[in-house]
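Fair warning: this is a prediction, and the values are worked out from it, not measured in the lab.
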Amino acid sequence: MNYLDGLNKEQREAVEVNAKYVRVIAGAGSGKTRVLTTRIVHLIMERAYNPRKICAITFTNKAANEMKHRLESMLTSDMGVFVSTIHAMCVRIIREEFEALGLVRNFTILDTADQQVILREAYQEYGYQRKELSYKEVLSYISEHKVNDISVKQAHKMASNFQDERKAKVYDYYQNRLKQVFALDFDDLLLKVRDLFRKSETILNKWQHRFNVYLVDEFQDVDHIQYEIIDFLVGNDNELYVVGDPDQTIYSWRGAKMHFIVDFEKTYPTSKTVTLHQNYRSTQNILDSANKLIKYNLDRVEKDLKSHKNSGEPVVFSNLDDESDEAYWVVRQMKKLHSEGASYLDMAVLYRSNYLSRSLERVLMDLGIPYIIYGGIRFYDRQEIKDMMSYLRMVSHGDDLALRRSIASPKRGIGPKTLEKYFNSAQATSKTMYEVIKEEVDSGKAKPRIQEYVTLIESFKAHYVAKDSIEDLMIHILEHSGLRKLYEKDEEIERLENVKALMGEAKVFEEMSSEGLAGYVQMVSLYGDREEVLEGEFVRLMTVHASKGLEFDTVFLIGMNDGIFPNRNAIIERQDGLTEERRLAYVAITRAMHRLYVSSNAGFNYVLSQRNKASRFMQEMDHEKTLHDVKGIIRNESPKETALKKFMKPASNNTRFKPADQVVHDDFGEGIVLAVNETTLKIAFNYPYGTKQIAKEFSGLRLKGDLT
DNA sequence: GCTGATTGTCTTTTT
DNA sequence: GACAATCAGC
């Protein structure tokens with residue numbers, strides 16, 4: 001079969017276009033990713049480009065993985081095409097050029113939690129309170145200043161009021177601290193590379209020769225630093241192929257500049273543009289709603305999406321009495337669709353902000369519908385994962401942030417005062433806290449508790465050197481650090497399961513990579529999320545931002561209330577806030593293939609401290625039809641009743657199992673029942689299987705010791 | 001000086 | 001409903 005089969009005329013043109021600079025404007029659902037991957041195949045097969053000289057840049061790690069898989073299925077292997085996010089690519093560059101940057105090879109990458117630890121230090125130092133100056137505010141201040149090349153010195157000069165002076169001081173402290181511990185935050189990853197290219201022509205030259213072709217996905221969400229890096233790399237000789245949709249710019253709050261894609265032809269006068277209008281994803285009814293809504297954004301390039309499908313089911317708009325009613329209403333629709341043969345995997349719930357998932361979660365859990373939440377508390381942000389990672393970091397980096405966490409979990413009787421003391425002497429001698437502590441231990445003056453901690457860390461280091469296995473090291477740490485005891489004491493089986501899942505991943509990493517522990521630690525800091533493991537049937541819950549690039553048969557868009565979506569703060573803070581919110585709603589709508597449910601509720605909102613009213617976007621999506629009020633929600637049972645029932649009869653007559661039962665599964669082996677839901681059981685199986693939802697009726701499941 | 005319990009504050013989106 | 005500052009007790 002020819003790789004061009006099944007492409008329409010526009011798509012084919014986009015794949016085959018012959019120009020050094022190409023822009024593809026790809027409307028939602030128009031086969032953007034397919035065009036991009038087919039272009040790569042085309043370059044290799046038809047034009048005999050060296051695959052190793054092709055670089056594809058995606059927006060998320062998820063998208064990068066997706067593209068690699070597609071390439072593999074079309075070419076039988078990825079053939080060495082480099083596919084990566086721009087952040088991951090910059091890490092590679094920095095690891096190679098660390099000397100020119102005055103860094104160490106295994107620099108630390110700070111995530112948000114690490115950044116907050118530094119802010120806490122600064123607040124303590126200067127006596128600031130979180131309530132008078134929030135971390136979030138300071139972090140965005142720091143980020144904004146950094147990406148706009150405003151140095152600490154300049155920030156101090158520019159500060160015109162007390163609050164700004166405080167922020168500048170924290171900024172100062174933060175930057176110093178980063179330099180001290182050889183750490184880079186996400187902004188730095190890009191900034192360092194950009195500065196390197198600005199500074200050294202030799203190094204730039206070297207990297208310009210690394211690839212011949214750059215393909216950039218989601219080009220509408222590129223910010224000015226990313227643009228500069230890409231521009232540097234493309235130089236005068238390489239090709240640039242960008243794909244995007246100005247109507248889907250949803251990251252301008254993070255610096256994304258739509259004008260890079262809009263004005264592409266001005267920047268590259270010899271460039272060619274192909275526009276994909278044909279939508280293959282959604283029904284015409286869904287697209288009508290999307291088109292109507294986005295028309296309210298003036299000053300945009302006109303582009304109406306045309307469906308490939310018929311009009312389909314009408315879009316359903318509802319207004320419920322309160323948040324809880326809304327959740328019940330959504331779940332009832334899900335159950336109805338499910339009973340008609342639809343799979344839960346085909347359903348997704350989208351919302352503006354993470355906290356909006358809560359009411360829905362409660363109801364889903366109560367009615368026993370399996371679900372996964374994307375984002376929210378990310379896997380790597382979980383307490384137990386951070387605990388384990390802090391020990392690994394002590395072995396690989398020994399940085400102060402890892403020390404602060406590992407020394408305090410589990411509690412070892414070493415508290416803030418003691419740490420403060422070590423911190424101060426570390427500052428005075430330009431050493432890490434661990435170095436100071438270790439010297440004290442070596443001199444024999446340290447207290448027994450401190451001594452124990454150092455012995456522990458040193459034994460972990462020795463263990464890693466001896467065994468050279470991250471997985472093995474983790475097992476060792478879990479046993480000897482006291483973490484296992486800590487989790488077992490609180491009966492937090494799930495935490496243990498998560499740590500085991502982490503081990504499974506480390507194992508995979510070791511099999512695929514030769515970068516060792518330091519490389520693993522960096523990888524974890526860089527990857528916000530794990531690749532999804534799809535087993536069984538799940539409804540998916542996520543923010544609209546997280547849904548970018550995905551599609552679902554049925555979409556429930558909940559919390560469509562003024563102030564929530566469009567978000568009040570977004571409108572206040574940014575001049576183009578409302579238009580971006582509208583684009584965000586446009587993205588949400590166009591995720592749906594066949595069915596779209598849009599709901600609002602009239603409950604009291606504590607965040608806004610006012611009664612909710614329906615979002616203006618609802619009207620804009622369809623002004624002919626009026627909003628459909630739904631009264632008298634039938635609740636199969638109230639959450640309270642269900643909770644009571646669980647309490648009164650612990651799984652005696654309606655199920656064979658109850659929580660804490662030891663069970664044996666035909667495929668997954670031994671496990672422990674964590675929770676009993678309406679139709680499923682939540683069971684923690686032994687490593688490497690982890691926690692799974694199993695249907696109660698499943699015949700391959702029995703009590704341990706029960707042979708029937 | 002450290003730990004665990006309690007109160008108070010804050011919820012926009014992410015690499 | 002999470003997380004940090006604060007307080008009381010060991």
Side-chain angles (χ1 to χ4, degrees), chain A residues 57-64 84-91 109-113 115-117 119-120 123-124 128-132 134-137 139-140 143 147 184-191 218 221-223 225-226 249-256 350-359 361-362 374-378 380-383 407-421 447 449 490 525-529 542-548 559 563-574 577 580-581 583-585 587-588 605-609:
Chain A
I57 295 170
T58 61
F59 192 74
T60 61
N61 295 305
K62 203 190 225 169
S84 153
T85 65
I86 191 140
H87 286 87
M89 180 162 112
C90 286
V91 170
I109 301 171
L110 298 187
D111 62 17
T112 320
Q115 291 179 305
Q116 291 192 358
V117 174
L119 293 196
R120 227 170 101 188
Y123 279 38
Q124 227 157 36
Y128 298 160
Q129 300 277 310
R130 213 174 44 114
K131 55 185 163 194
E132 45 190 43
S134 74
Y135 287 169
K136 217 188 76 194
E137 208 178 324
L139 283 178
S140 63
S143 174
V147 300
L184 302 180
D185 61 21
F186 283 117
D187 291 324
D188 287 330
L189 296 178
L190 303 179
L191 290 168
E218 310 278 12
D221 279 324
V222 159
D223 67 34
I225 314 276
Q226 296 169 351
T249 306
I250 56 175
Y251 284 94
S252 55
W253 54 273
R254 212 183 80 184
L350 307 183
Y351 35 82
R352 177 69 230 289
S353 316
N354 280 309
Y355 74 92
L356 295 168
S357 69
R358 279 182 213 149
S359 58
E361 246 186 291
R362 257 200 307 275
Y374 288 77
I377 325 151
R378 284 214 199 68
Y380 290 126
D381 285 341
R382 286 168 193 274
Q383 228 188 75
I407 211 165
S409 52
K411 301 253 156 63
R412 285 171 221 288
I414 303 166
K417 287 283 169 196
T418 314
L419 287 177
E420 183 73 19
K421 192 187 84 193
K447 294 206 179 97
R449 285 169 175 170
D490 300 334
S525 314
L526 191 59
Y527 279 53
D529 226 340
M542 66 189 87
T543 63
V544 181
H545 282 91
S547 76
K548 182 180 181 174
I564 297 178
F565 201 173
N567 179 282
R568 187 177 59 178
N569 291 340
I571 299 176
I572 296 170
E573 278 167 26
R574 299 185 57 88
E580 175 137 325
E581 291 293 301
R583 286 192 297 268
L584 191 58
V587 167
N605 188 297
Y606 292 95
V607 178
L608 302 166
S609 37

Problem set entry | side-chain contact (heavy atoms from CB on, under 4.5 Å) evaluation trace for Gln226(A) with Asp221(A) | CA-CA 10 Å; Gln226(A) 296 169 351; Asp221(A) 279 324; over 6 Å; no

Problem set entry | Working for side-chain contact (heavy atoms from CB on, under 4.5 Å), residues Asp223(A) and Tyr251(A) | CA-CA 9 Å; Asp223(A) 67 34; Tyr251(A) 284 94; over 6 Å; no

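The side chain of Ala546(A) lies closest to dT14(B), out of dT12(B), dT14(B), dT15(B). Here dT15(B) is the nucleotide among dT15(B), dG4(B), dT13(B) with the atom lying nearest to any side-chain atom of His87(A).
Atom pair Gln116(A):CD and dA5(C):P shows a separation of 10 Å (rounding to whole Å applied). Put simply, OH on Tyr128(A) is 21 Å from C1' on dT9(B), counting in whole angstrom units. In this entry the distance linking OH of Tyr251(A) with P of dT14(B) reads 6 Å, nearest Å. Note: CD1 (Ile250(A)) to P (dT15(B)) measures 11 Å, nearest angstrom. The distance from atom CD of Glu580(A) to atom C1' of dT14(B) is 13 Å, rounded to the nearest whole Å. Counting to the nearest Å, the P atom of dT12(B) and the CG atom of Leu139(A) are 15 Å from each other. Atom-to-atom, CZ of Arg120(A) to C1' of dC3(C) comes out at 10 Å; the value is rounded to the nearest Å. Between the OH atom of Tyr355(A) and the P atom of dT9(B) there is a distance of 19 Å, rounded to whole Å.
Remark: Thr60(A) is not in phosphate contact with dT14(B), judged by side-chain N or O atoms under 4.0 Å from OP1 or OP2. The shortest distance between the side-chain N/O atoms of Asn354(A) and the OP1/OP2 oxygens of dT12(B) is not below 4.0 Å. Phosphate proximity of dC10(B) to Lys136(A): absent, as no side-chain N or O sits under 4.0 Å from OP1 or OP2. Taking 4.0 angstrom as the limit, Tyr135(A) places none of its side-chain polar atoms (N or O) nearer than this to OP1 or OP2 of dA2(C).
More than 12 heavy atoms of other shown residues, nucleotides or ligands fall within 6.0 angstrom of atom CZ in Arg412(A).
Residues Leu419(A) and Glu581(A) both approach DNA chain B. Their nearest nucleotides, taken by heavy-atom distance, put Leu419(A) toward the 5′ side. Residues Arg352(A) and Phe59(A) each lie close to DNA chain B; by heavy-atom proximity, the contact nearer the 5' end of the strand is made by Arg352(A).
Thr418(A) comes within 4.0 angstrom of the backbone, heavy atoms only, and of no base. Residue Arg583(A) is out of contact with every strand shown, counting any heavy-atom pair closer than 4.0 Å.
To the nearest 0.5 angstrom, Leu110(A) atom CG is 6.0 Å from Asp185(A) atom CG. Distance check, rounded to the nearest 0.5 Å: CZ of Arg449(A) to CD1 of Ile407(A) gives 11.5 Å.
Using a 5.5 Å limit on the distance between ring centres and a 30° limit on the angle between planes, the aromatic ring of Trp253(A) counts as stacked on the six-membered base ring of dT13(B).
The base of dT13(B) is not paired with the side chain of Arg254(A) by any donor and acceptor separated by under 3.5 Å.
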